[in-house]
Structure formats: structure tokens, C-alpha cells
2 protein chains.
Amino acid sequence: MNLIPEPSVERLLSLTRLLDHLDVQFITSSEIESRTGWSSNTIRKDISYIEGSFASPVGYDRQKLATAIKSTLGLDKVQRFCVVGLGRLGSAYLHYSVFREEGYELVAGFDSSVNRIEILHSPVPLYPAYKMGEVISRFQITLALLCVPPEEAQKTAERLVTAGIKGIINFAPVVLQVPEGVHVRNVNVVDELRAISATIQCS
Amino acid sequence: MNLIPEPSVERLLSLTRLLDHLDVQFITSSEIESRTGWSSNTIRKDISYIEGSFASPVGYDRQKLATAIKSTLGLDKVQRFCVVGLGRLGSAYLHYSVFREEGYELVAGFDSSVNRIEILHSPVPLYPAYKMGEVISRFQITLALLCVPPEEAQKTAERLVTAGIKGIINFAPVVLQVPEGVHVRNVNVVDELRAISATIQCS
DNA sequence: CGGTGTGAATCTATTCACAGCA
DNA sequence: TGCTGTGAATAGATTCACACCG
């Protein structure tokens with residue numbers, strides 16, 4: 001079912017975001033163009049990969065379209081995830097309330113410091129790092145936010161993979177090596193700053 | 001000078017990261033392949049866009065290559081940036097020490113709550129939001145991390161643009177509208193979770 | 001007519017295959 | 001011989017232009 005081009009998937013993901021925050025009933029591809037900068041042609045092509053009926057002579061039915069995209073992209077099932085590494089960044093996400101509304105359930109936090117786990121106030125259960133494997137398989141957690149320091153990132157990633165994690169969001173500024181079938185997305189501010197610098201430089 | 005394809009730029013950015021963390025003198029394109037998963041062909045093509053002499057019969061001179069990439073992509077000049085919105089996420093970045101080593105200098109934090117500014121311990125000067133325009137132009141800040149709540153993101157982005165900001169890293173889960181010439185990169189965990197879900201679904 | 005949907009054409013990126021070099 | 005570098009070939013994404021529909 002990998003017929004949808006990667007770039008289209010990325011745009012469709014942003015599009016659901018946009019659709020969720022509007023409160024009109026219908027929206028045309030040109031209106032989307034003026035809000036996102038992508039050409040209406042591109043948008044219509046992207047949407048053509050989505051099955052369902054949501055088009056009309058006055059544009060797309062906003063809600064139906066959003067639902068159809070989410071279902072085609074597999075965003076309609078709730079998924080469980082965990083946070084590994086509870087420093088300033090990791091622990092900030094323990095309190096991030098948007099996850100629920102978006103279909104992601106944060107079910108565990110891990111840190112190698114037992115002391116830190118005891119001190120932190122958290123709405124989510126916290127565990128010492130040595131329980132990672134056990135907890136991940138018990139709760140069938142498939143995704144992880146990796147917020148440990150750079151020098152521990154690779155080692156920790158390997159433990160996550162062994163435990164059965166299928167996707168890692170890596171906040172450490174390192175290039176992770178993972179086996180086929182495990183998906184990594186790098187999220188890190190320095191890379192983004194650099195990407196903007198490079199874009200400005202090359203234009 | 002926009003001859004380098006976007007995807008190549010992205011890979012080259014990750015590559016500098018990798019090169020900086022190795023301590024060998026030479027590295028071949030196949031060694032890079034085994035560490036990153038990109039084919040050695042792709043890597044050689046990417047590197048061919050970089051001017052300079054760093055190749056040898058035993059591979060690339062790691063350090064020379066890293067320097068050449070950084071200079072071609074414009075990463076060799078120190079850039080100033082600010083953080084806007086000092087909630088849990090924004091204030092976490094005030095303490096993030098990696099920026100300096102990577103050529104980015106965090107020179108200001110802004111928040112609309114004067115109370116919060118007074119309470120926070122910060123190694124970086126903090127200002128109330130109404131001083132944004134003044135401070136940004138005084139220090140010639142070109143980049144901003146946008147960490148305000150979603151409902152304030154668009155409005156705040158517009159103020160940043162007016163103040164002369166050229167690049168915004170947007171942590172809010174909304175699609176920002178900005179004029180031509182201003183670059184936005186979206187960094188947000190929910191989107192990344194969704195991207196992984198979609199990739200798993202479509203493969 | 002306003003819109004959408006989509007093959008065909010164009011443009012871009014990736015892969016291949018081999019020349020050139022130490 | 002083992003590497004890089006690069007034109008040529010392939011594969012992929014975007015844009016275009018127009019048929020079609022309410």
C-alpha cells in the first residue's frame with residue numbers, strides 16, 4: 001500500500017492539522033493553497049491518493065476529508081508510546097496534554113536515575129531504566145521519544161529495538177543505527193537551525 | 001547558488017553530524033553507507049556538490065570534508081537566535097548547552113508573562129513580549145524558536161516577521177502563514193508520531 | 001461556470017556504470 | 001586494486017491542461 005509518495009504523505013499530515021483547526025464546512029484546493037503555499041494542483045494530486053467521497057462543487061467537505069486522510073494514513077487508531085530520558089526536555093513532554101486528543105497515549109517514562117524518578121511529579125507512571133524491556137512488552141508500546149544525552153542515545157536505542165519498539169523519535173544530535181523495519185525520525189533544534197541557515201545560504 | 005538539491009542538503013547536514021562524532025582520519029563512502037543506510041552512490045553524489053579537496057584513495061579526510069560541507073552550506077558563521085514562549089518546552093532550551101558548540105548563540109528569551117520572567121532562572125537574558133521588536137533588531141537576531149501555545153502561534157509569528165526574523169522553528173502544532181523569504185521549519189512531536197504511524201501503515 | 005480528478009509532459013532526484021586516479 | 005567523481009539512464013515527483021461533474 002506504499003503507493004503514496006513520501007512528500008505527499010508529509011503534506012497530507014500537515015493538511016489534517018490545518019483542517020482540524022478550521023471551522024468552515026467546505027474548503028477548496030485554492031483556499032488551501034493560500035494558507036499553505038502549496039499549489040492547488042499539488043494539493044489535488046495529494047488528495048487524489050485518498051479514497052473516499054468528500055468532494056463537492058464548492059470544495060472538499062472539511063471534516064470528511066480529514067477523517068478520510070487519517071484513516072488512509074493509519075492515524076485513526078490510538079497508539080501507545082513512552083519517553084526515555086527525563087531531563088528537562090523529556091520531562092517537559094510528560095505534561096504535554098495534546099497527545100491524547102491526537103490519538104497518542106503516553107503510558108510510561110524511563111530514566112536511569114531512580115532518584116530523579118522519585119522527585120518528578122508526573123501524570124504518567126515512571127520506571128527505572130532497567131525495567132524498559134519488561135514494561136514496553138507488557139503494555140505493547142510501539143513508539144518511543146528518545147530524550148537521553150547524546151552519548152547514551154545509540155546504546156539506549158538498541159535496548160528499545162530489542163524490546164520491540166517500531167518507531168523512535170530521536171532528540172539527540174546523533175545519527176542512530178537501527179535495523180530494517182525500525183523507523184527513526186530525528187527532531188533536534190540544532191539540525192533545524194542548520195537547515196534554515198543552509199536554505200538561506202543556498203537561495 | 002541553489003544548485004544543491006534539497007534532499008542532498010538534508011543528508012549533508014546529517015553527515016556533518018556524523019563526521020563530527022567520529023575520530024578516524026579517513027572515511028569511505030561505503031563506511032558512511034553502513035552507518036547511515038544511504039547508498040554509497042548517493043553519498044558520493046551528494047559530496048560531489050561540495051567544493052574543495054578532501055578525497056584520497058583511502059576515502060575522505062574526515063575533518064577536511066566536514067569543514068568543506070559546513071562552509072558550502074553556510075554553517076561556519078555564528079548566528080544569533082531567540083526563544084519565544086517560556087513554558088516547559090521553551091524554558092528547557094534556555095539551558096541547552098549544545099548551541100554554542102554548534103555555532104548558534106541564544107541571546108534572548110521572551111514571554112508575555114512578566115511574572116514568569118522574574119521567576120525563571122536563566123543563563124540567557126529574558127524580556128517581556130512587548131520588547132520583542134526592539135530587542136530583535138538591536139541584537140540583529142535572525143532566527144527564532146517559537147514555543148508559544150498553538151492559539152498564539154500565528155499572531156506571534158507575524159510579530160517576529162515584522163521584527164525582521166528570517167527563520168522560525170515552529171514547535172506549535174499549527175500551519176503558519178508567513179511571507180516569502182521567511183523560512184519555517186515545523187518541529188512537533190505529534191507530527192513526528194504521525195509520520196511514523198503513516199510510514200508503518202504504508203509499508 | 002465553479003469546482004475536482006487525472007493522464008501526459010516536464011522537471012528533479014537517484015541509481016548505475018565506468019573512467020580516472022593514486 | 002580500491003577508491004572517488006560524474007555523465008547517462010532510470011525512477012520519481014510536480015506541474016500542466018483539460019475532461020468531467022453538480
Side-chain angles (χ1 to χ4, degrees), chain A residues 1-15 19 22 24-69 72-73 195 198-199 202-203, chain B residues 1-15 19 22 24-69 72-73 195 198-199 202-203:
Chain A
M1 214 231 245
N2 194 357
L3 334 125
I4 308 181
E6 251 301 297
S8 297
V9 171
E10 299 275 341
R11 282 190 300 268
L12 288 165
L13 288 168
S14 292
L15 182 55
L19 296 174
L22 292 175
V24 296
Q25 183 167 8
F26 295 100
I27 186 164
T28 68
S29 54
S30 328
E31 282 162 348
I32 299 175
E33 166 169 349
S34 70
R35 286 179 179 272
T36 61
W38 309 314
S39 85
S40 64
N41 283 313
T42 304
I43 290 155
R44 288 205 306 284
K45 186 64 126 185
D46 288 347
I47 293 178
S48 76
Y49 298 120
I50 305 298
E51 60 238 24
S53 61
F54 31 69
S56 89
V58 292
Y60 300 102
D61 184 306
R62 181 184 61 83
Q63 206 151 10
K64 282 186 191 163
L65 176 57
T67 307
I69 295 175
T72 305
L73 298 186
T199 311
C202 301
S203 58
Chain B
M1 209 227 246
N2 195 355
L3 333 128
I4 309 181
E6 251 303 297
S8 298
V9 170
E10 299 275 340
R11 284 190 299 268
L12 287 165
L13 287 168
S14 290
L15 181 54
L19 295 174
L22 293 174
V24 297
Q25 183 167 10
F26 294 101
I27 186 163
T28 67
S29 53
S30 326
E31 282 163 349
I32 299 175
E33 166 168 349
S34 71
R35 284 178 182 272
T36 61
W38 308 313
S39 85
S40 65
N41 283 314
T42 303
I43 289 154
R44 288 205 306 284
K45 188 61 131 185
D46 288 346
I47 292 178
S48 76
Y49 297 120
I50 305 298
E51 58 240 26
S53 61
F54 31 68
S56 87
V58 292
Y60 300 100
D61 183 305
R62 182 184 60 83
Q63 206 151 7
K64 282 184 191 167
L65 176 58
T67 307
I69 295 175
T72 304
L73 298 186
T199 311
C202 301
S203 60

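Per chain, numbering begins at 1; letters A, B, ... match sequence-line order.
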With respect to the phosphate group of C:dT14, does any side-chain polar atom (N or O) of B:Thr42 fall under 4.0 Å of OP1 or OP2? no
Separation of atom [atom1] in [X] from atom [atom2] in [N], rounded to whole Å:
X       : N      : atom1 : atom2 : answer
A:Ile50 : C:dG5  : CD1   : P     : 11 Å
A:Leu12 : D:dA13 : CG    : P     : 13 Å
A:Tyr60 : C:dG5  : OH    : P     : 4 Å
B:Asp46 : C:dT14 : CG    : P     : 7 Å
B:Glu6  : D:dA13 : CD    : P     : 16 Å
B:Glu51 : D:dG5  : CD    : C1'   : 15 Å
A:Glu10 : D:dT14 : CD    : P     : 11 Å
A:Ile43 : C:dG3  : CD1   : C1'   : 14 Å

Return the polar atom pairs (N/O with N/O) between nucleotides 16-22 of chain D and the protein under 3.5 Å, or none.
unit_1	atom_1	unit_2	atom_2	d
D:dA17	N6	A:Asn41	OD1	3.3

In Å, rounded to the nearest 0.5 Å, how long is the span from [atom1] of [X] to [atom2] of [Y]?
X       : Y       : atom1 : atom2 : result
B:Trp38 : B:Arg44 : CH2   : CZ    : 15.5 Å
B:Ser14 : B:Ile32 : OG    : CD1   : 12.0 Å
A:Thr28 : A:Glu33 : OG1   : CD    : 9.5 Å

Side chain of [X] only, please: which of [options] is the nearest?
X       : options               : answer
A:Ala55 : D:dG5, D:dC3, C:dT4   : C:dT4
A:Pro7  : C:dT4, C:dA13, D:dA13 : D:dA13
B:Ile47 : C:dG5, C:dA13, D:dG5  : D:dG5

Would you call B:Asp46 and B:Leu15 a side-chain contact if the rule is heavy atoms closer than 4.5 Å?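 A side-chain contact is absent here, since even the closest heavy-atom pair is not under 4.5 Å.
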Does atom CD of A:Gln63 have more than 12 heavy-atom neighbours, drawn from other residues, nucleotides or ligands, at distances under 6.0 Å? no
Tell me, yes or no, whether the heavy-atom count around B:Arg35 atom CZ, taken from other residues, nucleotides or ligands under 6.0 Å, exceeds 12.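 No, CZ of B:Arg35 has 12 or fewer neighbouring heavy atoms, counting only those of other groups under 6.0 Å.
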Within the distance-only criterion (no hydrogens, no angle test), does the side chain of A:Arg62 pair as donor or acceptor with the backbone N or O of A:Ile27 below 3.5 angstrom? no
Starting at the 5' end of DNA chain C, which residue's closest nucleotide do you reach first, A:Ser30 or B:Tyr49? A:Ser30
